J.: 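Okay, here's the structure, questions in a sec.
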Amino acid sequence: MEMLQANSTQASANAERAQKIQSLKEQVSSGTYNVDAGALADKLLPFLKGTGN
């Protein structure tokens, strides 16, 4: 029973992810996607300092 619940949860997460990806693709295509420069910098800084993965 737990296996069925895990599969159902995973399928739901995959569907949500696919929907989010489709939305992002549409935003990029239409030119309405905006990058959060602060969030991008927060992720890049550790990498550029050599402490990121």
Side-chain angles (χ1 to χ4, degrees):
M1 188 65 161
E2 289 178 25
M3 188 78 145
L4 291 175
Q5 289 175 338
N7 286 341
S8 177
T9 301
Q10 185 177 9
S12 176
N14 287 342
E16 289 174 19
R17 180 174 171 82
Q19 184 178 14
K20 182 174 183 177
I21 290 170
Q22 184 61 36
S23 175
L24 288 170
K25 285 180 178 182
E26 290 171 4
Q27 289 176 35
V28 169
S29 292
S30 68
T32 60
Y33 178 74
N34 294 311
V35 176
D36 181 349
L40 179 60
D42 288 343
K43 295 290 184 176
L44 278 176
L45 193 57
F47 176 77
L48 295 173
K49 284 183 168 182
T51 58
N53 294 8

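Quick caveat: nothing in here was measured; it's all calculated off a predicted structure.
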J.: Restricting to side-chain contact (heavy atoms from CB on, under 4.5 Å), what partner residues turn up for L44, sequence neighbours left out?
T.: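 side-chain contact (heavy atoms from CB on, under 4.5 Å) list for L44, sorted by chain: L40, L48.
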J.: Could you work out, with side chain to side chain donor-acceptor pair (under 3.5 Å) as the rule, every residue matching Q22, not counting sequence neighbours?
T.: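 For Q22, the residues satisfying side chain to side chain donor-acceptor pair (under 3.5 Å) (neighbours in sequence not counted) are E26.
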J.: What's the spacing between R17 CZ and I21 CD1 if we round to 0.5 Å?
T.: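 CD1 of I21 is found 4.5 Å from CZ of R17.
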J.: To the nearest 0.5 Å, how far apart are CD in Q10 and OG in S8?
T.: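 If we round to the nearest 0.5 Å, Q10:CD and S8:OG are 10.5 Å apart.
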J.: Once side chain to side chain donor-acceptor pair (under 3.5 Å) is applied, what residue pairs with a partner in residues 31-47 remain, sequence neighbours excluded?
T.: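 For residues 31-47: S30-T32.
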J.: State which residues pass side chain to side chain donor-acceptor pair (under 3.5 Å) with S29; sequence neighbours excluded, sorted by chain then number.
T.: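 S29 satisfies side chain to side chain donor-acceptor pair (under 3.5 Å) with no other residue.
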